[in-house]
Amino acid sequence: MAGLSFDNFQRNKFLVSKGFGQPMATSTGTTIVGCKFNGGVIIAADTRATAGSIVADKNCEKLHRLSPKIWCAGAGTAADTEMVTQLIASNLELHSLSQRRQPRVITALTLLKQHLFKYQGHLGAYLIVAGNDPTGAHLMSVQAHGSTDIGEYQSLGSGSLAAMAVLETGWKPNMTKEEAMKLCADAIESGIWNDLGSGSNVDLCVMEVGKDAELHRNYLTPNVRSEKLKSYKFDRGTTAVLRSSIHDVLDVEETVITFGNDAMEVDA
Amino acid sequence: MNSTVASEYSSEIHTTPIEHRFNPYSDNGGTVLGIAGKDFAVLAGDTRQVEGYSINSRYEQKIFNVGDDIVMTANGFAADGSALIDRFRNQLKWYKFDHNNKKLSVASSARYIRHLLYSKRFFPYYVSTLIAGLDDEGKGCVYSFDPVGSYEREQCRAGGAAASLIMPFLDNQVNFKNQYQPGSDGTEKKPLRYLELDEVLELVKDAFSSATERHIQVGDGLEIFIVTKEGVRTEYYPLKRD
Amino acid sequence: MSDPSSINGGSALAMVGKDCVAIACDLRLGSQSLGLANNFEKIFKINDKVMMGLTGLASDVTTLHELFRFKNNLYELREERKIEPSTFANLVSSTLYEKRFGPWFTGPLVAGLDKHNKPFICGFDSIGCIDYAKDFVVSGTASDQLYGMCEGLYQPNLEPEDLFETISQSLLNAVDRDTLSGWGAIVYIITKDKVIKKVLRTRQD
């Protein structure tokens, strides 16, 4: 029951050999960045999920919580980033419970890279991992094959070049929190405008040393759709109906009757 | 083993040789649509040109007034599109030289474009072509072509990357498909009528803003060419740029 | 076209209205361009307030329906309560991801009302990535057409009767531009006190 099942693998390989292709998985053709500042670290992401050239989700969440103070941004195959993150988050929790210590960023990174390496790149997860632990603030990234990087500023995903262009121009040592937030948001925006795989809004997560991580969901929303010019509400009865049936839902209400000591007293 | 390339994964070694050859085509995205009205026709298209995940231009004109109050667009592979339009324009010029400046009808233009397209039957122009104008009776008309010259006169047509998103919307809102008279119990179709120009323009703008929301290759700007008996005029509206 | 999820054809979508949700599907089952049946429903009831749509390879649609019925029965026996739509969505997600390296060729949808009768809809890709949406989700061989229709016609806070018209027109016009979908359609409207099922009259080509 536990773990992945390879039951359909054989069948699908057979189908592929017969000339049937694989279906398209939702991918986060994404822009994600991370940047350290004086006293903490920030990660940010756009919110577009695509299936081919169609936008599957206009406001998805690419910032995942690994532990209360360690967050990660994910690019690549959407299901993989989501599931691998959930798995490592739960292992990290168990680990910190058994060790009675706060989880460390390097531990999260090691768990991720060992898991991804085991799958030889078949799990398409590209992550920027960042957070605070007793040893300070950290910013790292891990690729699908299991290789990792450490740096003051990083970007990943299809919009990584657009974002890195902004990071390289704007980054300087010992930035304030506000400067770093602006830099990260600008880098993501660069991906949103210039990379077709990225779009919609900017999500941002600030992890300051000695403070709780704050997630700024939809920190910037530069792509709100303007009102349509016309209402497309139809007159009732426009659609031709052959037959209809109604199923009434009976709401079952439960009331708990407590038999208190007073109520139980029976006069003789 | 007849494998030629060692893959990273032993199970994925290719059993057929990999071909390396020049691919003459690319996809430059974008989308266009044409609607014919009672005494007008519109051709609209977004102004974004893309290649892969990159934007080549946020304003690249792809609808042209080719003369004689005919507007034309060829959407798909941009190089083929402009080559086709240039060829047609040139031929139209020669037609007028040779025939005492006679006006070319939209129907004749359509027939000629078919021959331009079919003459490259085995190395086609990789485009979906639309032309719009007024017919001999002054009614709006739109002609649509497949890449090798099969064509048809229609009331409305969407072409290009987001054609599959826009076309059913047009069926529903222009030709009132699947709509019945309320109270008729689905027996009486909603009567067809010509849409007014301002209704059509609203519809076109909403169709493009919808396509922009869901298709990554559509956006930046919307350019609308309107043909009436007064001539051709254009309107431009910004679209989302993400 | 030769992708297993587009052999049999079929499409589905779900929409949120004012205190209600709607979920609809076509009825076609085919083998490539050959139509086989016009009574293949792709929407399944999980409980009174949760329904799911399953499009894609017909054998996987049937198998997964059985699997989710089984898993939901176990849930109801163990928990002695009805499953919440969001909980069910996570069950679907992990069930699909279990087959990460040999996926089910299907694109499920979940629509329902939670315990506070708040609307919930979501869609999935074939390996279980959840697409939480506030407005509408689509799936199947006419998904492009459905995205175009829904994006054009949808507006928030529709009453059940108006939501029915909007979801029906979205589905009907979308499947008419897809060769692999159509041949009849069914719409369910889920409100807090009743579920309305309507069979639509559609083109038969």
Side-chain angles (χ1 to χ4, degrees), chain A residues 1 3-13 15-16 18-28 49 51-52 54-61 77-83 86 119 122-123 225 228 231-251, chain C residues 1-7 45 48-49 56 60 93-94 96-107 123-134 143-144 147 151-155 158 161-162 164-166 168-169 172 184 187 190-202:
Chain A
M1 206 52 189
L4 294 168
S5 146
F6 290 80
D7 288 358
N8 289 343
F9 186 75
Q10 197 87 353
R11 178 194 76 162
N12 295 353
K13 217 172 92 170
L15 285 167
V16 170
K18 289 280 169 188
F20 293 107
Q22 290 275 337
M24 185 99 63
T26 307
S27 91
T28 45
I54 296 290
V55 178
D57 195 341
K58 288 187 270 191
N59 199 184
C60 71
E61 292 182 46
T77 311
D80 287 336
T81 58
E82 183 66 44
M83 294 311 211
Q86 284 180 15
Y119 283 90
H122 289 288
L123 293 179
R225 214 246 255 222
K228 272 187 283 207
S231 166
Y232 294 93
K233 203 165 163 180
F234 295 93
D235 292 336
R236 292 179 185 181
T238 301
T239 312
V241 178
L242 283 179
R243 56 184 181 276
S244 68
S245 54
I246 299 174
H247 170 81
D248 284 304
V249 178
L250 300 175
D251 246 337
Chain C
M1 272 298 142
S2 62
D3 168 3
S5 51
S6 55
I7 295 172
K45 180 178 151 181
D48 280 345
K49 285 181 187 171
D60 285 359
S93 175
S94 41
L96 292 178
Y97 197 76
E98 188 186 359
K99 299 268 186 280
R100 170 62 180 83
F101 295 112
W104 298 107
F105 296 114
T106 180
F124 307 83
D125 68 0
S126 62
I127 50 171
C129 173
I130 309 179
D131 169 6
Y132 295 105
K134 286 195 295 256
S143 62
D144 286 14
Y147 273 127
E151 202 63 67
L153 299 185
Y154 183 81
Q155 59 189 88
L158 288 168
E161 294 83 1
D162 299 314
F164 164 74
E165 299 292 342
T166 302
S168 302
Q169 290 295 324
L172 258 23
V187 181
I190 308 171
T191 61
K192 69 177 196 301
D193 49 7
K194 58 181 180 282
V195 179
I196 308 162
K197 175 184 181 178
K198 290 193 181 185
V199 183
L200 306 186
R201 211 184 72 200
T202 74

*Mind listing the closest non-hydrogen atom pair of C:E151 and A:R225 along with its distance?*
O-NH2, 2.9 Å
*Pick whichever of C:I196, C:D48, C:D131 has the most heavy-atom pairs under 4.5 Å with chain A.*
C:D131
*Kindly determine whether C:I130 and A:E82 satisfy side chain to side chain contact (heavy atoms under 4.5 Å, CB included), including the steps that lead there.*
CA-CA 9 Å; C:I130 309 179; A:E82 183 66 44; over 6 Å; no
_Top contributor to chain A interface from C:G102, C:G123, C:A133 [non-hydrogen pairs under 4.5 Å]_ = C:G102
*Could you walk me through whether A:T239 and C:Q169 pass the side chain to side chain contact (heavy atoms under 4.5 Å, CB included) check?*
CA-CA 7 Å; A:T239 312; C:Q169 290 295 324; 3.2 Å; yes
*Heavy-atom pairs under 4.5 Å with chain A are the metric here; pick the option from C:T202, C:D60, C:T166 that has the most.*
C:D60
*Proximal component of C:L172, with respect to chain A [non-hydrogen, under 4.5 Å]*: side chain
*asked:* Does any backbone or side-chain atom of C:F101 lie under 4.5 Å from a heavy atom of chain A? Answer side chain, backbone, both or neither.
replied: both
_Closest non-hydrogen atom pair between C:G152 and A:K228, with its separation_ = O-NZ, 2.7 Å
*Interface moiety of C:S93 toward chain A, non-hydrogen atoms closer than 4.5 Å*: both
*Intermediate values then yes/no, side chain to side chain contact (heavy atoms under 4.5 Å, CB included), C:E165 and A:D235*: CA-CA 8 Å; C:E165 299 292 342; A:D235 292 336; over 6 Å; no
*Can you tell which part of C:L158 gets under 4.5 Å to a heavy atom of chain A, answering side chain, backbone, both or neither?*
side chain
*asked:* Nearest 0.5 Å, please: how far is OH in C:Y132 from CG in A:D57?
replied: 10.5 Å
*Checking side chain to side chain contact (heavy atoms under 4.5 Å, CB included) for the pair A:T77/C:R100: CA distance, chi angles, key distance, verdict?*
CA-CA 11 Å; A:T77 311; C:R100 170 62 180 83; 4.3 Å; yes
*A:I54, part contacting chain C, at a heavy-atom distance under 4.5 Å*: side chain
*Smallest separation among heavy atoms of A:F234 and C:D162, with atom names*: O-OD1, 4.3 Å
_Among the listed options A:D80, A:T238, A:L123, A:V55, the residue most often paired with chain C at heavy-atom distances under 4.5 Å_ = A:D80
_If I take atom CD1 from residue A:I246 and atom OG1 from residue C:T191, how far apart are they, to the nearest 0.5 angstrom?_
9.0 Å
*Which atom pair, heavy atoms only, marks the closest approach of A:Y232 to C:Q155?*
N-OE1, 3.8 Å
*Separation between CG of C:L200 and CZ of A:R243, rounded to the nearest 0.5 Å*: 10.5 Å
*For residues A:A79 and C:G128, report the shortest heavy-atom separation together with the two atoms involved.*
CB-C, 4.5 Å
